[in-house]
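Just below is one structure, and these are the notes that go with it.
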Amino acid sequence: MQKYTHTFENEMNDQGFLQNTTEPKRARVAQKALKSWYLEHARPLPWREKPSLYGTWLSEVMLQQTRVETGIPKWHAFRERFPTVRSLALATEEEVMKAWEGLGYYRRARLLHKAAKAIHESGDFPDTHAGWIELPGIGPYTAAAIASIGLGEAVAAVDGNVQRVVARWGGIEQPVDSKPGAAKIQAIADAWLDLQNPGDHNQAVMELGALVCSPKKPACDNCPLTSTCDSADNASLWSRLPVKQPKKKPEAWNLTWHVATFLNHVAIEQRPETGIWAKMWAFSETPPPDSFAEAGDLCSPVNHILTHKRITATFKHWQAPDLSTLRTHAKNHGGEVVTWTEFEQRARPRLLTKIWNELCLEKG
DNA sequence: CTCCGGACGT
DNA sequence: ACGTCCGGAG
């Protein structure tokens, strides 16, 4: 874990004078400003109200790759469904997946469940950063966030918000996702860290990234760091930062789902353990045998754009001659037959839930 | 459309 | 170091 050992060398300022304030001083000035700003501007987020390790852990995992506004209602619903880590540990994976429905990155739900079992098994939550990072689904950021917020451990948490704030503040031009770039970001984050109050400090940096130092239009006028920030009111700099390594284009993907039905019953299957929508419930990607009557498309092709795939999904409708044929067909694919209403209880990809009413309307 | 965002498997 | 996983906002 990162300690407060980094030191900066003295630098010339842009007037060419040797600065009488060393870089660590500059970091302390930023830290102080951040602290008082946060006292005034921290949002009343639900997991901050009655903080608990369980609530903090859940919020941090949910907020990996998920926006706060999306996370809030899901966090409440999840806590209601699984009030304790024990109840989560004793739940089935199916139930956990269902509670995660719509949040995306479904592996997070399975890793959260695995971690809950490990915590339940060991009798309590880990009480150090080192303990947390051992758990499934807990990486460097999440471990640091939980350890600082929940345990008061002095570790700097670096997420996307922090990368942006720090890269702009320090004028870091290297890609933040490269090894040298990440090291620079971490060094500054470590130098900023408030050792007395690491949890609030980390949240302050992230809050600043969310509320003020936003990706598109940072509000430098309202920023507590303007006096020390390299990018303050410098659009040609902040608009380029943070630098990220170029990402490859998503591939186009045509997906055909074969919707085999008999009256209000439908054959469904659980997707494989790996790949897109792992272990979510959907339709078969292979057509049923000849005894099924082709009944056209259930709806016009649906476009669903993800970062890594541009999906065009077609829903081909097939009518089974009778219920037992439908059941046999489903069973051959490791699937099962349910009513549409029962299907709604399963964890389904967003692509399905977003056009669910159209599918049901046409189901006949 | 473009951009945003952590963990983990390879 | 790079690819794979999702969904929502602008």
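Computed from heavy atoms alone, side chains included, the values below leave out hydrogens, waters and symmetry copies. Quick note on labels: first sequence line is chain A, next is B, and so on, each numbered from 1.
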- prompt: With a 4.0 Å cut-off on heavy atoms, is A:Asp177 in touch with a base, just the backbone sugar-phosphate, or nothing at all?
  reply: nothing
query: Between A:Leu111 (CG) and C:dC6 (C1'), how many Å, whole number?
result: 15 Å
query: Would you say A:Lys244 reaches B:dG5's phosphate, i.e. side-chain N/O to OP1/OP2 under 4.0 Å?
result: yes
- request: Let me know the distance between CZ of A:Arg67 and P of B:dC3, rounded to the nearest Å.
  value: 14 Å
- prompt: Would you say the base of B:dG6 and the side-chain of A:Gln65 have a donor-acceptor pair closer than 3.5 Å?
  reply: yes
- request: With side chain to side chain donor-acceptor pair (under 3.5 Å) as the test, would you mind laying out the steps for A:Arg48 and A:Gln203 before giving the verdict?
  value: CA-CA 10 Å; A:Arg48 288 175 180 166; A:Gln203 293 186 89; 2.9 Å; yes
- prompt: To the nearest angstrom, how far is A:Leu63 atom CG from C:dA9 atom C1'?
  reply: 15 Å
message: Just N and O in the side chain of A:Tyr105: are any of them under 4.0 Å from OP1 or OP2 of B:dC8?
response: no
Lys NZ or Arg CZ of A:Arg271 over A:Trp281 ring: under 6.0 Å, within 45°: no
- request: State the CD-CD distance between A:Glu94 and A:Gln270, to the nearest 0.5 angstrom.
  value: 5.5 Å
query: Just how far, in rounded Å, is C1' of B:dG5 from CG of A:Leu103?
result: 14 Å
From C:dA9, B:dC3, C:dC6, nucleotide with atom closest to A:Lys216 side chain: B:dC3
message: If you compare every side-chain N and O of A:Thr66 against the phosphate oxygens of C:dC6 (OP1, OP2), does one of them come in below 4.0 Å?
response: no
query: Of the nucleotides B:dC1, C:dC5, C:dG7, which has the atom closest to the A:Arg310 side chain?
result: B:dC1
query: Out of C:dC6, C:dG8, B:dA7, which has the shortest distance to the side chain of A:Arg350?
result: C:dG8
query: Out of B:dA7, C:dG7, B:dG5, which nucleotide sits closest to the side chain of A:Tyr141?
result: B:dA7
task: Please report, rounded to the nearest Å, how far the P atom of B:dG6 is from the CD1 atom of A:Ile138.
output: 13 Å
query: Between A:Arg108 and B:dG6, is there a side-chain N or O to OP1/OP2 distance below 4.0 Å?
result: no
Closest nucleotide among B:dA7, B:dG6, C:dA1 to the A:Lys179 side chain: C:dA1
- line: Taking C:dG8, B:dG6, C:dC6 as options, the one with an atom nearest any side-chain atom of A:Trp277 is C:dC6
message: Using a strict threshold of under 4.0 Å (side-chain N to carboxylate O), is an ion pair present between A:Glu336 and A:Lys331?
response: no
task: Give a yes/no on whether any side-chain N or O of A:Arg164 is located under 4.0 angstrom from OP1 or OP2 of B:dG5.
output: yes
message: Over all strands shown, is A:Lys217 touching base, sugar-phosphate only, or nothing at heavy-atom distances under 4.0 angstrom?
response: nothing
- prompt: Given atom CZ of A:Arg110 and atom C1' of C:dC5, what is their separation to the nearest angstrom?
  reply: 10 Å
message: Would A:Arg26 pass as a cation-pi partner of A:Trp169, given that its NZ or CZ must be under 6.0 Å from the six-membered ring centre and within 45 degrees of the axis?
response: yes
message: Side chain of A:Ile276 only, heavy atoms from C-beta on: which candidate in B:dG5, C:dC5, C:dG7 is closest?
response: C:dC5
